[in-house]
Amino acid sequence: MNIIFVGPPGAGKGTQAVEICKAKGIPQISTGDILRKAIKEGTETGLKAKAFVEAGQLVPDDVLIGIIKDRLAQSDCADGYILDGFPRTVPQAEALEGIAKIDVVIELDVPDDVLVDRLSGRRVCPGCGATYHVSMLGGETKCAACGAELIVRKDDMPETVLNRLKVYHAQTAPLVSFYEKKGTLRKIDGTSGVSEIFKAIMNALEA
Ligand code: AMP
């Protein structure tokens with residue numbers, strides 16, 4: 001099954017994608033993770049993407065379409081995948097039509113005030129990629145999984161968070177009606193607990 005997760009930054013796409021991929025035995029393809037890795041490694045793609053990512057702007061469509069084309073051609077995608085963070089614009093969605101057949105689009109719906117709190121309180125591990133929220137850390141500054149010092153992602157800084165939400169509403173929200181018209185969209189309330197949201201997504205995928 002080929003699945004897209006769409007929703008604003010902080011909606012929980014990454015968290016849920018990991019769990020659904022485990023349950024379904026398919027890979028999670030996060031364009032944000034691919035770009036962050038490329039930036040860290042200083043590849044050509046990373047150099048092109050760095051300034052956009054750090055400012056909370058979208059990286060140009062042609063860069064992303066190239067990344068996805070290469071990734072979906074790999075053998076682990078043969079039995080399905082979850083696209084987490086792609087497409088993010090209507091031109092990306094149109095390009096994807098020529099690359100893959102998408103079965104279901106899961107929209108995680110979360111109001112802006114909840115998103116601002118989630119993103120500005122997010123702490124990530126630069127070592128293993130684990131994600132935390134300050135409210136659950138009780139002052140702890142190290143990763144429970146690998147012991148590395150937790151950091152704030154550059155694009156989770158307050159002014160960049162507001163910019164990312166603005167970018168989402170202007171450029172990514174139109175995808176909802178794009179997929180609604182195709183009949184593949186399933187809307188999920190993303191404000192409840194992680195396990196409730198997981199169950200709702202699994203039900204939507206089986207419906
Ligand atoms: P994410 O981890 O999905 O929030 O992505 C982090 C950042 O990577 C975004 O704010 C964008 O700068 C960039 N990015 C990720 N996916 C895309 C995409 N599909 N199109 C353009 N930029 C993207």
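All values derive from a computational prediction rather than experimental measurement. Every heavy atom of this structure was used, including side-chain atoms; hydrogens, water molecules and symmetry mates were not.
Atom NZ of K24 is surrounded by more than 12 heavy atoms from other residues, nucleotides or ligands within 6.0 Å. More than 12 heavy atoms of other residues, nucleotides or ligands lie within 6.0 Å of CD in E41, so this atom counts as buried by the packing criterion. Within a 6.0 Å radius of CG in D79, other residues, nucleotides and ligands contribute 12 heavy atoms or fewer.
To the nearest 0.5 Å, the span separating CD1 on I151 from OG1 on T141 amounts to 12.5 Å. Between the CG atom of D189 and the CD1 atom of I197 there is a distance of 7.0 Å, given to the nearest 0.5 Å. Interatomic distance, K142 NZ to L150 CG, rounded to the nearest 0.5 Å: 9.0 Å.
Between E107 and the choices K13, R186, K187, the side chain to side chain donor-acceptor pair (under 3.5 Å) rule is met once, by K187.
For the residue pair D61/T89, the side-chain donor-acceptor check at 3.5 Å is satisfied.
A 4.5 Å side-chain heavy-atom check between E44 and V63 finds every atom pair outside the cut-off. Side chains of L83 and F5 form no contact here, defined as non-hydrogen atoms less than 4.5 Å apart.
With a 6.0 Å cutoff to the six-membered ring centre and a 45° limit on the axis angle, K182 counts as a cation-pi contact of F178.
For Y179 (side chain) and V104 (main-chain N/O), no donor-acceptor pair under 3.5 Å exists by modelled atom type.
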